[in-house]
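What's counted below: heavy atoms across the whole structure, side chains too, no hydrogens, waters or symmetry copies.
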Amino acid sequence: MALYKINPFFFILCCSFHLISSQPWDYPTANLSTTWVNSVSAPHSVDFIDGSIVRAILLRGTFGPRYACGFYCNGNCESYLFAIFIVQTNSASQITMPAIGFPQVVWSANRNKPVKINSTLQLTAEGDLVLRDADGTLAWSTNSAGKTVAGLNLTDEGNLVLFDSKNATVWQSFDHPTDSLVPGQKLVSGMKLTASVSTTNWTEGGLFSFSATNDDLVAFVESNPPQTYFERSISVLNTSGGSNYVMYLNGSLALISNSNDPQTLISIPPASSAQYMKLESDGHLKVYEWQSRWNEVDDLLTGFNGECYYPMVCGRYGICSRGQCSCPKSSSNSTSYFRQIDDRQGNLGCAEVTRLTCNALNNHRFLELQDVDYFTFTADIKNTDMNACKDACLRNCSCKAALFRSGLNSSTGDCYLPSEIFSLANNQKDKTRYDSYAFIKVQVEAEPAAAKEKKRVNGAVLGSVIGLAILGILIAIAVFIIWKKRKASEDEENYLDHVPGMPTRFSYDDLKAATENFTKKLGQGGFGSVFEGCLEDGTMIAVKCLDGIGQVKKSFLAEVETIGSIHHVNLVQLIGFCAEKSHRLLVYEFMSNGSLEKWIYHGKQEQTLDWNCRRKIIQDIAKGLAYLHEECRQKILHLDIKPPNILLDEKHNAKLSDFGLSKLIDRNQSQVMTTMRGTPGYLAPEWLSGAITEKVDVYSFGIVILEILSGRRHFEASESEDQQVMLNLFKKKAEEGQLVDLIDKHSEDMQLYKEEVIKTMQIAAWCLQHDYTKRPSMSMVVKAMEGVLDVEKNLDYSFNPQIVSVIPNITFAHSTPLLPSVLSGPR
């Protein structure tokens, strides 16, 4: 099928039209086993004046605004989406390029995972529509393999459909709306429109959603819990008792039920040309129509709410009054509790002057705002008074404001205690129906202690002075003892301040505030717990709090000194640390997808990873280890490679973490004697001799490869005796020539790439050789994974896994001290 290049969101023109292609416009279908490549050399690509690009692959219609689908980018063109959009054609069935407004995207498949140039879209022989990035990583799929799909069709209504041999729909884009609806499209209960982050960032991460339930048509802001800013009951309209849905008709957004005629929910201007509806990133639901350009013809929800009753019209904590934005102010004193984020852009909202935290509940006060309303009100407490409402908020740390509504001149009303505050509004709309108050919780400085009453001088004073003197001597002795014990800790703190290249040093109070008093636990390990946090600049962090003294102190020093001054894309970045009194904390970049272990083991994974994702993770681990072993002035041995110490970011890029057991080796040393350390099951056989090299990491890496490929742990107690230890099973299957039996059976995708998976198992076997001198270096592993180096042929599958469950209690002398000052940065 030919590829076109037309523009993304803005396929726009003005009075004159320019001919792009003589290709006939109407070719809306495709057969199985068809592949389209997002290539710069595609024959019908079109570059637009604003820098955007579209490559259309299916096109429907002969004249005027018509639907097409294909690849598009929005200007920087480093990433592309697969989308359905509206384009313009002329009477000669040729694509025209107007000056403003085309194409307009109405659906996209992968807005959370854009792809690069040379990505592919394939309608497989099995009937699956699959989008892969240039490196083969799966970006999106209809998951329709094996469902008797016969072909692909783009309908007149702009619906992308996979159909079977009887022309019945197997999958359709209308069932998976993004942020837009087109005429003829249904919004069934359970579906929703989700706004993009902004007009330039189309990621599905915006604050606003619009959906239909069995009872309501509702728009809400994505907080926890969600806060509704528009609601229209539809259950009373469905008198038939059957199923119902909302449909975008020409002239209305209407309820369709089994026995009733369409009933208008929201009126829309009848379309005279192409029309679509879009949930914008500011929460407005707008209708656009082509009239020589895309014009806004209606703002559907504003007529119900008014401009000031959108959740982010004035940003967080901002107050909207007749379209103007301001920050909350006290009428009783001159104290400023809020400031505008940008004086020139009031709609960006207000920031707290003093951050509200749960650490000082006694310093919480209320900023009282009368005749100030909120866009939503869900009573948490009914028939109460104002003081009880305020007290309830003070007792609840997560409560950010007490909102109180009462009848006119009444002391009793309802109380709403939101945990997140968006825009407020001067109560102009309903001031004649109820009184409204907003009590915004703020943080104040600690009040000074009251002046102490002067004591009379009498005969008892002398005795008190003598007693205090004796007590002071005892305290001094105790302080001296404590000082001696803490001297080492202070030396450690001072030492870290003088090590070059160290990351940011945080105070304990800073990290306590950033983690909201360590309330969001991400996980727990042998030396402490990890908590989610957020710095003042919005940077998400993970804070590891180390517990204990002896071994923890060594672990802390090893971690800070080892990775504090090195940087690599496959190492978790150490942003900072805290060494203050007894507190030892490490601050890392936040890895949103957590550790590898929750993605690969059966029954524990969040979703099954496909082969390309697993291969990329293995390559990332290998590159991180190659850097540690070969690209620093001293070799860095990690010594604890295992899935819990491999973290994944939002794109499943893998990074090594937890360097608490790491060891440095001078480059002129071939091996080092050290205390046995690591995790049973991942320990190389040479640990029994105590003399180790970087090849112990290579061995652990081999175990991790097998776990990733098989989807099981190195030891499974629930299995039969001959299958409990994975290395024994690996040896058996290798001797039988049946390594395919080890491939994760829970992943259909893995089964499609058996040859590649088995080659990777052979790399694992190479890494697991009993004689460590026969194991490859990690740079050789990287080349083998990339296909530029062959795996060693004569591999020994006698892996000797007796060290899986036993760690002998032996200790060896350290031959290399931890000297971070000789570490190099990234090359």
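A donor-acceptor pair shorter than 3.5 Å can be found between the side chains of S209 and E222. A donor and an acceptor atom, one from each side chain of D537 and T539, are located under 3.5 Å apart. For the residue pair T357 and N517, no side-chain donor N or O sits within less than 3.5 Å of a side-chain acceptor on the partner.
Of all non-hydrogen atoms in L348 and I341, the two that sit nearest each other are O-CD1, 3.4 Å. Taking all atoms of both residues into account, the shortest heavy-atom contact from F338 to I440 is CZ-CG2, 3.7 Å. Considering all non-hydrogen atoms of both residues, A195 and R111 come closest at C-NH1, 4.0 Å. When every heavy atom of K623 is checked against every heavy atom of H568, the shortest pair comes out as O-CE1, 3.8 Å. Nearest heavy-atom pair, Y682 versus V704, reported as atom, atom and distance to 0.1 Å: CE2-CG2, 4.1 Å. Across all non-hydrogen atoms, the minimal contact from L417 to C389 is CD2-O, 3.9 Å.
At least one side-chain heavy atom of L625 sits less than 4.5 Å from a side-chain heavy atom of I621. The shortest side-chain heavy-atom distance between D373 and S436 falls under the 4.5 Å cut-off. L628 places a side-chain heavy atom less than 4.5 Å from the side chain of L656. Two residues are said to be in side-chain contact when any heavy atoms from C-beta on lie closer than 4.5 Å; D649 and M591 meet this criterion. Residues P328 and C350 are in side-chain contact: their nearest non-hydrogen atoms beyond the backbone lie under 4.5 Å apart. For the pair I641 and Y699, the minimum side-chain heavy-atom distance is 4.5 Å or more. In this structure the side chain of H652 never reaches within 4.5 angstrom of the side chain of T137, judged on heavy atoms. Under the 4.5 Å side-chain criterion, counting only non-hydrogen atoms from C-beta, V543 is not in contact with F506.
Not less than 2.5 angstrom separates the SG atom of C320 from that of C325.
None of S326, C327, S423 except one satisfies the side chain to side chain contact (heavy atoms under 4.5 Å, CB included) rule with C314; the exception is S423. If you run ring pair (Phe, Tyr, Trp, His ring centres under 6.0 Å) between F531 and each of F590, F518, Y588, only F518 comes through.
Geometrically, R713 engages Y601 in a cation-pi contact, judged by NZ or CZ lying under 6.0 Å from the ring centre and within 45° of the ring axis. In this structure, K390 forms a cation-pi arrangement with F439, its terminal cationic atom sitting closer than 6.0 Å to the ring centre and no more than 45° off the ring axis.
At least one donor-acceptor pair under 3.5 Å links the side chain of H638 to the backbone N or O of D658. Side-chain atoms of D620 never come within 3.5 Å of backbone atoms of K655 as a donor-acceptor pair (strictly under, hydrogens ignored). The backbone N or O of C399 sits less than 3.5 Å from a side-chain atom of K441, completing a donor-acceptor pair. T384 places no side-chain N or O within 3.5 Å of a backbone atom of D414 that could act as its donor or acceptor partner. When atom types are taken as modelled, the side chain of E589 and the backbone of Q573 share a donor-acceptor pair closer than 3.5 angstrom.
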Could you walk me through whether K616 and N653 satisfy the side-chain hydrogen bond (donor to acceptor under 3.5 Å, both in side chains) test, starting with their C-alpha distance in whole Å, then the side-chain angles of each, then the deciding distance to 0.1 Å, before giving a yes or no?
CA-CA 7 Å; K616 176 67 163 50; N653 295 312; 2.8 Å; yes
Tell me, with the steps shown, if S710 and D744 meet side chain to side chain contact (heavy atoms under 4.5 Å, CB included).
CA-CA 4 Å; S710 65; D744 189 352; 5.8 Å; no
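Checked for salt-bridge contact, R316 and E420 meet the test: a charged N lies under 4.0 Å from a carboxylate O.
The aromatic ring centres of Y310 and F208 sit 6.0 Å or more apart.
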